[in-house]
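One structure is given below, encoded as structure tokens.
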Amino acid sequence: MGLLSLLFSSPVVFVIVAAIIIAAITIHEFAHAWIADYFGDPTPRYQGRVTLNPLAHLDPFGTALLFLVGFGWGKPVQFDPHNLKDPVKEAALIALAGPVSNLLLALLLVLVIPAIDGALGIPLEITSLLLGLAITYNVMLAIFNLVPVYPLDGSKILFALLPRQMAYEYDLMMNRYGSFILIALILPLVNGTSAVSLLISPVIRLVTGLYLQLAGVLV
């Protein structure tokens, strides 16, 4: 799923894909920061994260992985749970905001891109390419980040859903080993395919297919 090959085979498509990925990451991390700020924690605002400037949100390693293996993340948004009224619940909602923002962005693009095509007379092939890529990478980013392994958003969401004692044991394990588990899941160890790809690709295909069906009605 590496994308760097496009740089040499189709530079224009590579630039389009890069722009889509950067926009998806930016919206994802901005959503985390905005919700944390909304819940009363000023930390993201003090750190300059309540912004749509991509430079504030790109994590070099996580972004590179998106281009290399198709899965990655942005620069994690920091927040102080002591500033939240309900730390467990609101931390989960802050975490959930990122994936939800990508799914909503994909839906918005399904509605907007065909309208642009109709207004400007953009060739259908270009519209379909842009729409397909935008939907795919936003859905990918959303679903991947819901995997319940630290530092991904899913770990905070699962923590809020588990019984208290189990949640703290899970959190302790994730803080110690989560990064190693995530790396193991990303590495292509199963016949050249990563374990995380085997786990979530069916979900990504299902959700992407639903968006594309809707887009097919509108395009």
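For reference, positions follow the sequence shown, starting with 1.
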Check whether any side-chain heavy atom of Ile27 lies under 4.5 Å from a side-chain heavy atom of Leu52, and answer yes or no.
yes
Return yes if some donor-acceptor pair links the side-chain N/O of Asp41 with the main-chain N/O of Asp80 below 3.5 Å, else return no.
yes
In terms of heavy-atom contacts, does CZ of Phe39 have more than 12 from other residues, nucleotides or ligands at under 6.0 Å?
yes
Can you give me the closest heavy-atom contact between Ile20 and Tyr137, atom names plus distance?
CG2-CB, 4.1 Å
Would you confirm whether Ser201, through its side chain, and Leu198, through its main-chain N or O, come within 3.5 Å as a donor-acceptor pair?
no
Correct closest heavy-atom pair for Phe79 and Ala36 would be CB-CB, 4.2 Å
Which label fits Tyr38 and Trp34: parallel for a plane angle under 30°, tilted from 30 to 60°, or perpendicular past 60°?
parallel
Value for CD1 (Ile157) from CG (Leu96), rounded to nearest 0.5 Å, stands at 4.5 Å
Would a 4.5 Å heavy-atom cut-off, applied to side chains only, mark Ile94 and Leu84 as touching?
yes
Which heavy-atom pair separates Tyr211 from Leu103 by the least distance, and what is that distance?
OH-O, 2.6 Å
If you count every heavy atom of other residues, nucleotides or ligands that lies below 6.0 Å from Glu169 atom CD, does the total exceed 12?
yes
Are any side-chain N or O atoms of Arg49 and backbone N or O atoms of Pro76, one a donor and one an acceptor, separated by less than 3.5 Å?
yes
The residue among Leu109, Val110, Leu210, Asn102 that forms side chain to side chain contact (heavy atoms under 4.5 Å, CB included) with Ile135 is Val110
Is there a side-chain contact between Asp153 and His28 in this structure, where contact means two heavy atoms from C-beta onward sitting under 4.5 Å apart?
yes
Does any non-hydrogen side-chain atom of Val50 lie less than 4.5 Å from one of Phe30?
yes
For the residue pair Gly178 and Val149, what are the closest heavy atoms and their distance?
O-CG1, 3.4 Å
Would you find a donor on one side and an acceptor on the other, under 3.5 Å apart, between the side chain of Asn138 and the backbone of Ala134?
yes
From the list Leu105, Ile21, Ile25, side chain to side chain contact (heavy atoms under 4.5 Å, CB included) partner of Leu141 resolves to Ile25
Of all heavy-atom pairs between Pro87 and Pro81, which one has the smallest distance, and what is that distance?
CG-O, 3.6 Å
With the side chain counted from C-beta on, respond yes when Ile35 and Glu90 share a heavy-atom pair under 4.5 Å apart, and no when they do not.
no
Might you point out which heavy atoms bring Pro151 and Lys156 nearest each other, and give the distance in Å?
O-NZ, 4.2 Å
